[in-house]
Number of protein chains: 4
Amino acid sequence: MHRLNFASDYTEGAHPKIMEALAATNMMKTSGYGTDEISERAREKIRLACSCPDAEVYFLSGGTQANMTVIDALLAPYEGVVAAETGHISSHEAGAIEFTGHKVLTLPHELGKISAESVKRLMEAFLADGNREHTVFPGAVYISQPTEFGTLYSLKELEELSQVCREYSLRLYCDGARLAYALGSCENTVTLPDLARLCDVFYIGGTKCGTLFGEAVVIPRKGLIPHFFTIIKQHGALLAKGRIAGVQFDTLFTEGLYESIGAPAVKAAKRIKEALIAKGCELYLDCPTNQIFVLLDDEKYNELSEKVVMSFWDKPDESHTAVRIAASWATTEADVNELINVF
Amino acid sequence: MHRLNFASDYTEGAHPKIMEALAATNMMKTSGYGTDEISERAREKIRLACSCPDAEVYFLSGGTQANMTVIDALLAPYEGVVAAETGHISSHEAGAIEFTGHKVLTLPHELGKISAESVKRLMEAFLADGNREHTVFPGAVYISQPTEFGTLYSLKELEELSQVCREYSLRLYCDGARLAYALGSCENTVTLPDLARLCDVFYIGGTKCGTLFGEAVVIPRKGLIPHFFTIIKQHGALLAKGRIAGVQFDTLFTEGLYESIGAPAVKAAKRIKEALIAKGCELYLDCPTNQIFVLLDDEKYNELSEKVVMSFWDKPDESHTAVRIAASWATTEADVNELINVF
Amino acid sequence: MHRLNFASDYTEGAHPKIMEALAATNMMKTSGYGTDEISERAREKIRLACSCPDAEVYFLSGGTQANMTVIDALLAPYEGVVAAETGHISSHEAGAIEFTGHKVLTLPHELGKISAESVKRLMEAFLADGNREHTVFPGAVYISQPTEFGTLYSLKELEELSQVCREYSLRLYCDGARLAYALGSCENTVTLPDLARLCDVFYIGGTKCGTLFGEAVVIPRKGLIPHFFTIIKQHGALLAKGRIAGVQFDTLFTEGLYESIGAPAVKAAKRIKEALIAKGCELYLDCPTNQIFVLLDDEKYNELSEKVVMSFWDKPDESHTAVRIAASWATTEADVNELINVF
Amino acid sequence: MHRLNFASDYTEGAHPKIMEALAATNMMKTSGYGTDEISERAREKIRLACSCPDAEVYFLSGGTQANMTVIDALLAPYEGVVAAETGHISSHEAGAIEFTGHKVLTLPHELGKISAESVKRLMEAFLADGNREHTVFPGAVYISQPTEFGTLYSLKELEELSQVCREYSLRLYCDGARLAYALGSCENTVTLPDLARLCDVFYIGGTKCGTLFGEAVVIPRKGLIPHFFTIIKQHGALLAKGRIAGVQFDTLFTEGLYESIGAPAVKAAKRIKEALIAKGCELYLDCPTNQIFVLLDDEKYNELSEKVVMSFWDKPDESHTAVRIAASWATTEADVNELINVF
């Protein structure tokens, strides 16, 4: 039986324009490891979109890989990375950060977000600790935009975080796995140039935002990480045919595709959310991007599961289940209608 | 000016059939991380091609990544991996093996190959060493087929290596980055079922053999590496859209494409080699696969470099340069003719 | 000015009997790395004291070193270690566990202790998690006896923990940095044979219990960690003159010295505690071993600090400071009287 | 039966003056982790002996530990350490360097020594390699003085090495496990101030030169390794009772003990060597410090082994064995006479 599939934002292949570009360039001969002209063109377009002409840009194949490679490169060996206890690196990357030798220092979160104030408190406690030389030094702060809960840092919040980080010599790193869905949200106030101005490193997510694979790591301040190319290789993250990622990001940053690819998904999520509320559904939590978190009683959950693939999110009590419904760049109006109908 | 490009076997995108398959499946919705039906179909075809119905198969994105993830998973923490001093892991992976905490124990090579005899000698010396508990324990043997020099292990050589490894409880791992060009060589005597029978793990190279990216790691004996899925994730090597690799290997293992994709490249290399010898060129070393290693005097080298992109290989003396010319599945007869002409 | 010193239980050198033994054996010639007869004699005495004739015993130089070496050896690469959030490995070892590639998975504590129930809940949640293959696998449980707060696991609590660990295939490891002060407490119900029966590995602390340095790692089930000698060397923890540790533990396990060395310190702590309470002091927390945790208003704290070296413990509010006072095997009655007088 | 023991230079405990100092200070109360006044006094004396008033000095417990902690701290994550293929870190530390994530890049040796010229060639080859970003960057050079073969770098050789290192931005690190026996050799031309002037880090060996344990790591240029204290802790190498090492080095650097402790051992070795040659023994290799390497036919070897404990060194052919005889600060004239007699 056909089931609707709203399990995640990476259920399809690539945006049709990307497939076209891959086909069009397929038999071109280029040099490897991202040294080709297409990758360079993609980098140049990303620099432009970020208003950051000196930025270094590297294409890696996935999010965990980008996180572990960047964070390991940003930290001194005796430093750890500060993150929300719900951050992807804290909970769902199989210990990849610890694999590189670093501790994740967790902070409490509010719907996936950490505050400048909590970072400040952490640093003040660290600096006041007479035994701090026996502990892990906080070296960087990890955030995600949108967060794992689909929520957004406002420009003000990000500026405050950035300021606290600079005050305490912490590097600020933003995981943008779903960044297109932040940019596509009408509640969003943080632009790519803002990220480039306020973060030390961030990545522009491809895998969940329309590519076959690939994330673009942006280092606004050139030279911040010496020999990052070699570090990428050492972490097993260097793509031999780097241009395959380059072609995809070249397409995403042509005619503003990346900045516009998320909006329909966010609108679809909004439509679904409003319809579900109208039908009496209770939200488990509310966010302004492409994901909807709904609380269902278990009977309803089991019944729906036969018709729609959703992601299990939580089991808050004996008789209820929280599920995640994800719209994406590939979600059609027909899908949305059908989903609303089955609820 | 247009230059011919014989720099490597990964200058193009993917084999046209792969591009077709990617396009045909692009808007399918599937689950992530390789749990989809297309990936499973690809795995099943690989098991069949390897005559190994119980094999575990995992798709990773690149060769260094596969090497570091597999070798780290195969070794106990106090073990190292034995490899030719010219092995890719010894020399050209930026220390990725050491990054995972393991030493590469090098052996001398003959055109990239190590012998069962040299492994045996190493193990006998290790076992005879009264201080061996102060040294790194040899735990696995790394070979490549074809080697970094394009040479091939014969079936007899591989059987001997495998036997020595089993005698000394060493795991045998084969890097098949260019495996299709071994299978496409008329001098080859080692089949996929032979690899499955004689190795503990091997990978079937995609990136250099016709895919956009991707290598298929084969573990013939199911359960050899517990929780390898999680280990892959921990090494940053898990593909969210795993099916993109699955589609490509599904295509490569349909109607024997993988087994036949290398032969034209090997023939092209043979034609080039013979023509160059006929023109008075000296081979730097000879191999039966898709690469040609030529010794040029520097004047000739500089002159040719304006017309053909080749790989620098070595500088054996003041006035000569050794270069590598690589044919691939994408090399056309026109390319070959043109290359021969410019020499 | 002379200040009393109750800062820690490692302010002096070694117990006089140990100094005698070191002097008496000083010019003996023995083999290195713990292969000498004195070390073997010490191991034999420890096996006897633990009623565990097959135990492996290794002498390492310090607690963090023992923790990182043992835990790394006990865990599979994809596993983490479960510990109280206040556990020494969680908070005060500069990320040594993460340095070996493993995550510390923290549990809430009650005065430094974790419960079998909380371990069970963690494991049930882990096993119920459909995404558990994307997370760190719990592989071992770390506890300390006494804990960092000087509290003790009862035999019942330890048996429950041990049972839960075995049920879920978790290895149980006990850090006994201050073990002599547990054995010396009249509230203690856990013997060395109990530890050997219920733990997979534990260490008998020397540094804080009367040696110049050294901890005795006990592996009750022989062969549990293959090649642990080499793993010790690899972690930089192998002592060339291993017998220096051997001599010290030989002394500690002669005529029950280890089992009796802690009692006077515990009694001293009890006297101090009662006298301080009688003088109106408030305990910050109460424990039955060799440490006293007192809450002082800051004026009193500053005044006392001129006369006694204590350890800062916490700053619970603006005007109070919690301090730790540690008695040890070396604490004299005169010290105790003087301390009580200055309060 | 009583056997003479010339197996190594760490068969005894500590020099009598050290034992006296440990006894004299045993019941002093001091702060931990090397922050005490005795450790500081020892550091001050070492600075003086090295004519290096700003040097940082840290006491670690053993040689492998010092090597792995220092080298890991000196290298960027993408760098490896250059060493003789016979260097202790290359061959006899169980992969401790690789455990910290770094490759050992080996150079050929001459009796344990590497030359400035060979380092220069390595660096020129590295810099000329168009693929160097795919390889491990040489970041530091490891030497030992004396070497594993008991040989010595001359001042000229060390100056040349130091100059090449500075030219190519390599840090120079010297393992001084047996440094006292270099200082005690009449062929020696390298002083402690020379080491401080020419190396970036070196360690002054204690374990093999008269202490119970302990090595003094000297960083002549203050601040070279930020937060080295925490790095030591993270590597499990921080001594809680740091003063026990401090007392020992305080003694070694009082009245020139360290500079004089090796000379008798070197003289003893010379006497043994000359007597053995006079008796017709063949040297396996010749060195000017405290070790003698003799080639014996196997019959003689077996016969002697019943009377003297020596170290097996090599088995150059079917019927001969090379052995190492080590004199030390503790070797008596009676021992020497007896040894000569049994040969």
Side-chain angles (χ1 to χ4, degrees), chain A residues 7-8 62-64 67-68 71-72 75-83 85-106 108 124-139 148 305 309-316 321 323-324, chain C residues 7-8 62-64 67-68 71-72 75-83 85-106 108 124-126 128-139 148 305 309-316 318 321 323-324:
Chain A
S8 77
T64 296
N67 290 339
M68 78 186 286
I71 289 170
D72 189 29
L75 297 176
Y78 52 86
E79 291 178 338
V81 58
V82 177
E85 59 197 0
T86 52
H88 207 256
I89 59 166
S90 311
S91 54
H92 283 94
E93 300 193 351
I97 300 299
E98 290 82 6
F99 176 67
T100 71
H102 301 284
K103 195 183 189 74
V104 181
L105 301 158
T106 52
E124 286 302 318
F126 172 73
L127 293 172
D129 182 357
N131 287 321
R132 69 175 171 283
E133 294 199 329
H134 295 249
T135 72
V136 175
F137 282 51
E148 293 72 14
S305 294
V309 189
M310 302 172 291
S311 279
F312 171 89
W313 189 257
D314 201 1
K315 188 98 192 72
T321 300
V323 299
R324 186 190 71 175
Chain C
S8 76
T64 295
N67 290 338
M68 77 185 289
I71 290 170
D72 190 26
L75 296 177
Y78 51 86
E79 291 178 336
V81 59
V82 177
E85 60 196 359
T86 53
H88 207 254
I89 58 166
S90 311
S91 54
H92 283 95
E93 300 193 351
I97 300 299
E98 291 81 5
F99 176 66
T100 70
H102 301 285
K103 193 182 189 78
V104 181
L105 300 158
T106 53
E124 286 301 320
F126 172 72
D129 182 356
N131 287 320
R132 70 175 170 280
E133 296 200 327
H134 295 251
T135 72
V136 175
F137 282 51
E148 293 72 15
S305 294
V309 189
M310 303 171 291
S311 278
F312 172 88
W313 189 258
D314 201 3
K315 188 97 191 72
E318 287 295 298
T321 299
V323 298
R324 186 190 69 176

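First the proteins, then the strands, lettered A, B, ... as listed; each starts at 1.
- Expressed to the nearest 0.5 Å, how far CG of C:Asn131 lies from OG of A:Ser311 amounts to 7.5 Å.
- Both the backbone and the side chain of A:Thr135 have a heavy atom closer than 4.5 Å to some heavy atom of chain C.
- Looking at C:His102, the atoms closer than 4.5 Å to chain A (heavy atoms on both sides) all sit in the backbone: N, CA, C or O.
- Chosen from A:Arg132, A:His92, A:Glu79, the residue pairing most often with chain C at heavy-atom distances under 4.5 Å is A:His92.
- Checking side-chain atoms of C:Lys103 against main-chain N and O of A:Ile97 turns up no donor-acceptor pair under 3.5 Å.
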